[in-house]
Structure formats: C-alpha cells, structure tokens
Amino acid sequence: MEEDALLSIGVFARRARLSQKALRLYDRQGVLPPDRVDPVTGYRYYRESRLADARLIVLLRGLDMPLAQVAELLAVPGRERAALVARYWDGIERRLAAQRELAVHLRIQLSGCEGILDMYEIQHREVPEQLVLTERRNAAPQDLPEWIPAATDRLTEAAEAYGGVVAAPFVVYHGEVNEDNDGPVEVCVPIDPSHTGALTVPGRIEPAHREVYTRITKAQVEYPQILSAYDAICAWAEREQVSLTGPGREVYFADWGSAKEADPVCDIAFPTG
C-alpha cells in the first residue's frame with residue numbers, strides 16, 4: 001500500500017518537519033527508529049505511515065517533554081496517550097505554580113520583606129480547647145512532605161476508635177525547621193473531647209487560645225516559599241505590637257489530593273496573648 005512506502009531520511013524529515021539530525025538522535029534514543037537501514041550504505045528509511053508519530057514528537061517536544069516520556073507515550077494506544085499528556089502537563093503546572101511562589105518568596109526576602117503585609121491577609125479567631133492524637137519527631141525540611149501526610153493518615157486511622165476526626169488536623173512547629181534545625185514537629189488530629197483520660201495512644205489537650213493566621217494556597221505550602229507566610233505574621237505582630245505566645249502551626253482544612261495549586265488549603269497560625 002502507498003501509505004507503507006519507504007521514504008528516505010531526507011524526505012521523511014522534510015515531511016515530518018524534523019531535521020535529519022533530530023531523527024538520528026531519536027533513533028539512538030529508541031524513540032523513532034527507522035524501519036530499514038541499508039546494510040551497505042547505512043541510509044535510513046521510514047515508512048510513510050509513521051509520519052503521524054513523527055509529527056506528534058514535534059508537538060510533544062514543543063511542550064519540552066523529555067525523550068524518555070515521549071518514547072513511553074508512543075508505545076501506548078491513542079486514548080492512553082491523551083492521559084499521559086494530561087498527566088505530564090499537570091506536573092508542569094504544579095512545578096510552575098511552585099516556582100512562581102518561590103520567586104515571590106525570594107523577592108520578599110531580597111527586598112528585606114518590603115511590602116510583605118500587602119501580600120497576606122492577617123485574620124484572628126478563637127480556638128476552643130481540643131483533645132488531639134499526636135505524633136512527634138525531629139525532621140528536616142525534605143522529610144516533611146512525606147512524613148506529615150503519613151503521620152496524619154496514621155492518626156486519622158487511630159481516631160476511628162474514638163469516633164473519628166472532629167476538626168482540621170494541624171502541625172505544630174515546636175522549633176525551627178530549616179537547613180540547620182529539625183524542630184521538633186508535631187502532627188495533631190482532633191477527636192471528641194469526651195475521650196479525655198481514656199486514650200490508649202499518644203495524645204494531649206491543646207489549650208483554648210486566640211490566634212492570628214493567614215490563609216495560603218497549595219502552591220504556597222512548599223518549602224521554602226511557605227516561610228513568607230510565617231514572616232508576614234511575624235511582621236504584622238511586630239507592627240501591631242501583638243505578642244505571639246506559642247509556636248507556629250499549619251492547619252490543613254482542605255482535601256490535599258483533590259485541591260488545585262491555586263486552591264486555599266492551609267492556615268499559617270500563631271497563638272497570641
């Protein structure tokens with residue numbers, strides 16, 4: 001059939017809108033090997049029916065998709081290809097959102113926190129006494145994205161024996177967590193206070209208090225850009241001459257898995273006097 005006619009590398013490259021150099025690279029990488037290589041001359045030939053894949057590669061490279069992922073995509077049927085493109089682009093958008101917030105954080109830090117209070121809305125609220133199940137450890141910044149969700153899941157499961165979780169889980173930073181300090185950090189899951197005194201797992205009473213807080217998005221939660229929200233509260237407290245009487249904490253009130261990068265998911269909070 002005519003669609004299966006063999007095309008020389010020059011003709012194929014021109015019709016695919018690729019260079020011959022690119023085709024040779026894709027051959028070496030196993031992305032788009034030729035259908036035939038002349039054993040005498042070494043000339044490469046491609047079937048005309050493969051032009052669709054070659055043109056698809058051009059588009060995928062326009063998305064900066066790495067060749068390894070391009071090869072993975074070409075190896076699956078059409079509908080699965082669409083899913084792989086969607087998954088890849090979701091990852092790009094998450095990375096860009098995080099980098100955008102990191103750029104904001106750097107601009108704040110390099111300007112001496114100038115204008116930081118214009119970027120975060122500072123609010124107040126009363127927090128009632130809570131009975132919480134807890135898990136506590138020393139941790140480096142790179143440990144937290146894995147440990148916090150895992151600890152929250154473990155405590156949420158343990159809470160089922162006491163009627164389940166009754167309020168948003170939160171993470172208390174009893175010490176700084178950065179490149180030089182490791183906390184400690186405490187994950188807390190609130191349960192029904194009627195179980196006070198009957199716990200068979202680690203827990204404690206979180207005293208009632210008034211707190212100041214600011215709400216941030218999923219993209220802003222990543223380290224180190226999350227530190228700008230902490231800095232904003234500290235700058236506000238200094239300006240307003242308000243005492244921060246307890247350690248900072250992160251209150252996770254939204255479903256992390258379903259939240260988009262721009263969705264509010266967390267409150268950065270400090271108890272006040």
Is [X] atom [atom1] crowded by more than 12 heavy atoms from other residues, nucleotides or ligands, each under 6.0 Å away?
{"X": "Q20", "atom1": "CD", "answer": "yes"}
{"X": "E240", "atom1": "CD", "answer": "yes"}
{"X": "E126", "atom1": "CD", "answer": "yes"}
{"X": "E160", "atom1": "CD", "answer": "yes"}

Before accepting this row, confirm whether a basic side-chain N of the pair [X]/[Y] lies closer than 4.0 Å to the acidic partner's carboxylate O.
{"X": "K218", "Y": "D263", "answer": "no"}
{"X": "R204", "Y": "E186", "answer": "yes"}
{"X": "R137", "Y": "E135", "answer": "no"}
{"X": "R81", "Y": "D53", "answer": "yes"}
{"X": "E93", "Y": "R100", "answer": "no"}
{"X": "R215", "Y": "E121", "answer": "no"}

Is [X] reaching over with its side chain to a backbone N or O of [Y], donor-acceptor style, under 3.5 angstrom?
{"X": "R61", "Y": "M65", "value": "yes"}
{"X": "Q220", "Y": "E101", "value": "no"}
{"X": "Y162", "Y": "L199", "value": "no"}
{"X": "D267", "Y": "A269", "value": "no"}
{"X": "R94", "Y": "K260", "value": "no"}
{"X": "T41", "Y": "Y43", "value": "yes"}
{"X": "R50", "Y": "P33", "value": "yes"}

Transitively linked via ILVMFWY side-chain contacts under 4.5 Å: [X] with [Y]?
{"X": "V187", "Y": "V221", "answer": "yes"}
{"X": "L6", "Y": "I9", "answer": "no"}
{"X": "L244", "Y": "I216", "answer": "yes"}

cation_pi(R125, Y213) dist<6.0 Å, angle<=45: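 Cation-pi check for R125 and Y213: passes.
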NZ or CZ of R44 within 45° of F12 ring axis and under 6.0 Å: no
From CA spacing to verdict: side-chain hydrogen bond (donor to acceptor under 3.5 Å, both in side chains), D231, S228: CA-CA 5 Å; D231 290 342; S228 288; 5.1 Å; no
Contact between [X] and [Y] at the side-chain level, heavy atoms closer than 4.5 Å - yes or no?
{"X": "Q130", "Y": "I205", "result": "no"}
{"X": "D182", "Y": "V177", "result": "no"}
{"X": "V31", "Y": "I57", "result": "yes"}

Might you point out which heavy atoms bring [X] and [Y] nearest each other, and give the distance in Å?
{"X": "H209", "Y": "P207", "result": "ND1-O, 2.9 Å"}
{"X": "L67", "Y": "Y26", "result": "CD2-CE2, 3.5 Å"}
{"X": "N178", "Y": "N181", "result": "OD1-N, 2.8 Å"}
{"X": "A159", "Y": "I191", "result": "CB-CG2, 3.7 Å"}
{"X": "A235", "Y": "I116", "result": "CB-CG2, 4.1 Å"}

Worked verdict on Y46 versus L23 for side chain to side chain contact (heavy atoms under 4.5 Å, CB included): CA-CA 10 Å; Y46 297 82; L23 283 173; 3.9 Å; yes
Worked check of side chain to side chain contact (heavy atoms under 4.5 Å, CB included) between Y88 and L73: CA-CA 10 Å; Y88 169 75; L73 185 144; over 6 Å; no
Whether Y230 and Y173 hold their rings parallel, tilted or perpendicular, with breakpoints at 30° and 60°: perpendicular
Side-chain donor-acceptor pair present, E211, H124, cut-off under 3.5 Å: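 No, no side-chain donor-acceptor pair sits under 3.5 Å.
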Point-to-point distance, once rounded to the nearest 0.5 Å, from CZ of R24 to CG of L18: 12.5 Å
